[in-house]
J.: 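Before I ask anything, let me first share the structure, which is written out below as structure tokens.
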Amino acid sequence: MPGPGSQWIGEEEVKEILDVMSSGHLFRYGSLEDPGFKHKVYSFEKEFAACCGLKYALATSSGTAALLCALKAVGIGEGDEVIVPAYAFIATYSAVIFAGGIPVLAEIDESLCLDPADIERRIGPKTKAIMPVHMLGNPCDLEAITAVADKLGLPVIEDACQANGASYKGRRLGGKGVMGAFSLNIFKTVTAGDGGVVVTDDEDLYRNAFGFHDQGHSPLRGGVEVGRRSVLGLNFRMNELTGAVALAQLRKLDRIIAVLREKKRQFKESITGIEGMKFRTLNDPGGECATLCTVIFDSPERAARVSRKLGTTTVNRSGWHVYSNMEHINRYLRDRGLPHGKGAYPRTDDILSRAINLSVGVVDAGLGAAFGINIDSSKEEIRETAARFREACR
Ligand SMILES: *Cc1c(COP(=O)(O)O)cnc(C)c1O
């Protein structure tokens, strides 16, 4: 099972789905007064915004769409540069590109998130935004990153696709920047098969994102709007079936995070104190999703040896999230004379070559997390897995 939410799909999701199917109303819009309209997407948005302590949440068809809507909402267009980390996901880069902008990559630090100290080196006259990624369920150093952004007068968009349920200094992610984006694909903390969410406290940005996600319409489509549509948009709407599953899953999110944190605590406790190995930096140890446990070794050779014994891989060799392993992005960067290919971000290369992702709740070979535990692992299984890990480190 890829993610903890998908592992916990049960009667609650079935009940919400049946509610929609028996109503026959699958489109997200309708009259809230009509008892035949179950408004799952609407309810999901309200509950999601409340979870984040923010005014607005906009449901979308994917996390990629959420990122694109957020980028267009803040006004990213032709030739605008957006600073992104060199360890992310393809969608972080492609959303910037299809918004018309140019992703400018920066180094990560030992939290495996954007290094605040490397941002200013990447700034140029065309820089228009900073988009840090809360990688592997772990909040990035938001305080330092927003401090740099504020100094430069740049908006921060939080790519929180991998960190739904995480918080930073007591507050859910997505609200420290001007906008945040989440994903509901099957590898994330909670899932609806696919889907995404944009959050913000700013009404104008919400209206922009809403319009972009639905052919220029204003929020909740107040009737016929011909002649009054303010922006040009596309269609990234969520439908009621997706909304039904998303709603049931969202109501499980707090429990999922609490269980993962407890299982990670047990797992981590039994693999601490290994010579030449440390855990990645947590920018807010109490706030992470605990979907993964990332260990960093002193040398790449040792990390490679351990990962081989475990039947997994070091993070630099995991295919999907490392800049140098994305042939299409490398081609794009090369054609524009931008740094690309292995060696272009040496600090990122070094950290990722010494790191192994151990699964706690997200079991994903694409993240290099083929070895570890999952949300339903028993105490005994956690002990055994820890023992196998310690053995491989010998
Ligand atoms: C999953 C993910 C996305 C968006 O993914 P979708 O599959 O489109 O929902 C964006 N950024 C990051 C960092 C991700 O991990």
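Atoms considered below: every heavy atom in the structure, side chains included; atoms not considered: hydrogens, waters and symmetry mates. Position 1 is the first residue of the sequence, and the numbers go up from there. Everything quoted here is computed from the prediction, not taken from an experiment. Numbering of ligands and ligand atoms starts at 1, following listing order.
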J.: Identify all N/O pairs between ligand 1 and the protein with a separation under 3.5 Å and present them as a table of atom names and distances.
T.:
residue: ligand 1; atom: 7 (O); partner: Asn185; partner atom: ND2; Å: 2.9
residue: ligand 1; atom: 8 (O); partner: Gly63; partner atom: N; Å: 3.4
residue: ligand 1; atom: 8 (O); partner: Thr64; partner atom: N; Å: 2.8
residue: ligand 1; atom: 8 (O); partner: Thr64; partner atom: OG1; Å: 2.4
residue: ligand 1; atom: 9 (O); partner: Gly63; partner atom: N; Å: 2.8
residue: ligand 1; atom: 9 (O); partner: Ser183; partner atom: OG; Å: 2.6
residue: ligand 1; atom: 11 (N); partner: Asp159; partner atom: OD1; Å: 3.3
residue: ligand 1; atom: 11 (N); partner: Asp159; partner atom: OD2; Å: 2.9
residue: ligand 1; atom: 15 (O); partner: Gln162; partner atom: NE2; Å: 2.8
residue: ligand 1; atom: 15 (O); partner: Lys188; partner atom: NZ; Å: 2.7

J.: Can you give me the closest heavy-atom contact between Thr272 and Glu269, atom names plus distance?
T.: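 Between these two residues, the closest heavy atoms are OG1-O, 2.9 Å.
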
J.: Can we say Arg251 and Glu12 salt-bridge, meaning some charged N sits less than 4.0 Å from an Asp/Glu carboxylate O?
T.: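 So Arg251 does not pair with Glu12 through a salt bridge.
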
J.: Could you check whether Asp214 and Tyr29, counting side-chain N and O atoms only, form a donor-acceptor pair closer than 3.5 Å?
T.: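 Yes, a side-chain donor-acceptor pair sits under 3.5 Å.
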
J.: Glu203: which residues meet the salt bridge (Lys or Arg N to Asp or Glu O under 4.0 Å) condition with it, sequence neighbours left out?
T.: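 In terms of salt bridge (Lys or Arg N to Asp or Glu O under 4.0 Å), with neighbours along the sequence ignored, Glu203 is linked to Arg207.
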
J.: Output yes when Glu110 and Arg354 qualify as a salt bridge under the 4.0 Å nitrogen-oxygen rule, no when they do not.
T.: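 Yes, Glu110 and Arg354 are salt-bridged.
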
J.: Strictly distance-based, threshold 3.5 Å: is any side-chain N or O of Glu158 a donor or acceptor partner for the main-chain N or O of Gly174?
T.: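 Looks like yes, one N/O pair under 3.5 Å.
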
